[in-house]
Amino acid sequence: MAQTPRYRFAPSPTGYFHVGGARTALYNWILALQSNGVFVLRIEDTDDSRNNPQWTQGILDALAWLGIDNKDSHFEGPFFQSANAALHVEAAEKLFAQGAAYYCDLSSEDIQKRAKESGKQGYDGYSRDRGLGPGEGRVLRFRVPEGATIVQDQVRGSVEFDNSTIEDFVLLRGNGSPVFLLANVVDDVTQGITHVVRAEEHLPNAPKQQMIWRALGHEPPVWAHVPVLVNEQRKKLSKRRDKVAVEQYREEGILSVAMKNYLMTLGWAPIGDTEIVPFEKITAEFDLSSVNHSPAFFDIVKLHSFNADYIRAMPVDEFIRACEPWLVGAKAPWQAQDYDAKVFAEIAPLVQTRVQLLQDVPSMVDFLFCDLPTIDDAAFTKAFAPEWASATLIEIRDAFKTCEFTPDALKAVVEAVGEKHSLKLGKMQAPLRVAVTGRSVGPPLFEPIAMLGRDATLKRIDVALAKKV
RNA sequence: GCCCCCAUCGUCUAGUGGCCUAGGACACCACCCUUUCAAGGUGGCGGCACGGGUUCGAAUCCCGUUGGGGGUGCCA
């Protein structure tokens with residue numbers, strides 16, 4: 001009679017949604033799907049001054065973006081830890097009543113002083129047998145028993161902690177409020193959690209929490225502590241130092257599929273030689289026991305590569321739709337009336353293979369949606385440096401006045417001028433490109449010129465030529 | 001300091017005693033293709049931290065060293 005596995009993800013709403021959190025959420029979600037179990041979302045909003053309700057919505061939005069949908073039948077929540085405060089205190093009182101916890105009136109300063117005098121670190125169990133009752137300013141501490149605590153971990157195997165190395169930790173603060181260690185366990189117990197899959201930084205908490213589970217009369221859950229994500233300095237990714245906000249990646253135009261796929265290749269790999277695989281394959285193959293034991297570097301360059309790959313794989317019309325937020329509205333670099341969706345649709349296939357992020361798209365096509373392009377000075381200087389630059393551009397302009405205005409015809413014109421001067425097309429087009437687009441690189445030239453039309457093109461060439469003198 | 005975890009190319013990984021003169025991906029380099037830039041193709045560079053065992057045989061098992069990381073809060 002196997003019970004339904006219940007996984008949980010328990011973020012605290014203290015800021016933008018962390019990519020490390022996203023990975024942990026994904027792990028729990030996949031595991032819940034695999035086992036036809038439940039993914040419980042619990043917002044750990046216990047009275048920390050850093051908490052802010054706005055972040056809760058951010059968590060929900062980010063999870064939804066990742067496909068962890070709160071309307072899915074496997075999803076339960078969100079529950080709020082703050083709503084369970086009474087339960088936490090009740091559990092603490094139970095622990096006190098049965099002698100598993102005791103009150104202590106020492107302040108942090110007192111403890112530090114005693115530690116200094118004894119030469120040993122941490123709290124020394126001073127109040128263990130003083131028989132103190134509850135009272136203002138008194139904390140409730142867990143009475144850590146003798147012996148050892150063995151944590152069975154799905155990623156790491158069994159990890160043994162000598163209880164003598166674990167001090168009597170605080171359960172209730174001096175003001176009576178529960179701390180994370182307690183609240184987290186009580187919520188897991190009351191929510192029937194069977195599997196705790198979280199980041200490795202919590203591994204030292206596991207023996208303590210396991211003791212609380214047992215003292216409360218329950219069998220502890222299955223633990224799994226997955227390696228943390230690190231930066232190039234090999235330090236745990238931090239909100240202060242590193243770019244970790246899922247929201248930010250999303251705004252830059254990272255695709256959710258790419259983010260999910262990339263995140264899942266950190267510490268784990270799908271079967272076979274291909275890393276870019278459908279989420280269904282990942283869901284089918286993912287296995288905690290094959291998760292790596294060491295920290296993984298969150299490599300933005302590789303994320304970008306995954307993203308570019310996914311962008312290229314999109315059907316064109318889907319790509320066009322995906323670009324929309326960057327083309328219309330507040331993010332667009334041009335006036336709304338200058339933008340023409342039909343023109344973009346025409347050039348879209350040419351930009352699709354050239355972007356890594358959706359936010360890169362506007363700067364690649366903006367010259368189509370303005371009167372005159374902004375000329376990049378460096379590009380201009382370089383393109384017009386050769387002595388043949390202006391002369392050939394003049395010839396091209398004159399030919400453009402009468403030629404057929406199709407990509408092929410335009411190309412033929414430029415090639416003809418090039419032949420006359422013994423110049424290759426690649427070189428020849430540089431001044432033309434800068435004149436028309438303002439830049440030295442971009443999508444193939446003749447298609448956009450044809451789109452622009454004769455008048456606009458001639459005008460741009462003349463402006464560039466004038467700038468030269 | 002103490003406790004715990006970890007160790008394959010620069011990075012992410014495959015590898016669970018013989019299939020490994022260690023495979024793939026990102027990055028980098030070269031060449032091909034080419035309308036700039038991409039994309040694509042081909043090739044290249046580059047790694048089992050070190051030292052001892054165990055074994056006919058070790059990247060894989062054991063021990064030690066070194067190195068990294070996490071924790072050590074009346075944060076979560």
Measuring only the [atom1] atom in each nucleotide, how far is [N] from [M]? A whole number of Å is fine.
N     : M     : atom1 : value
B/G17 : B/U55 : C1'   : 9 Å
B/U21 : B/G64 : C1'   : 30 Å
B/U11 : B/C48 : C1'   : 16 Å
B/A38 : B/C26 : P     : 16 Å
B/G40 : B/G47 : C1'   : 28 Å
B/C19 : B/A14 : C1'   : 14 Å

Check for a donor-acceptor pair, side chain of [X] on one end and backbone N or O of [Y] on the other, with a separation under 3.5 Å.
X      : Y      : value
A/D153 : A/H225 : yes
A/Y16  : A/K239 : no
A/N231 : A/R234 : yes
A/E44  : A/N184 : no

Tell me the interatomic distance from [X], atom [atom1], to [N], atom [atom2], rounded to whole angstroms.
X      : N     : atom1 : atom2 : answer
A/Q152 : B/C5  : CD    : C1'   : 16 Å
A/K302 : B/A27 : NZ    : P     : 9 Å
A/L263 : B/C26 : CG    : C1'   : 16 Å
A/L237 : B/G69 : CG    : C1'   : 13 Å
A/K281 : B/G24 : NZ    : P     : 17 Å
A/K208 : B/A76 : NZ    : C1'   : 13 Å
A/E232 : B/A27 : CD    : P     : 16 Å
A/R354 : B/U34 : CZ    : P     : 15 Å

task = Check every atom of B/G24, B/A14, B/C26 against the side chain of A/V301 and return the nucleotide holding the closest atom.
result =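 Of the options given, the side chain of A/V301 lies nearest B/C26.
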query = Quick one: are the ring centres of A/Y262 and A/F298 less than 6.0 Å apart?
reply =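 Yes - the distance between ring centres of A/Y262 and A/F298 falls below the 6.0 Å cut-off.
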Upstream residue (5' side of RNA chain B) when A/Y262 and A/Q121 are each assigned their closest nucleotide =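 Mapping each residue to its closest nucleotide by heavy atoms, the 5'-most match is A/Q121.
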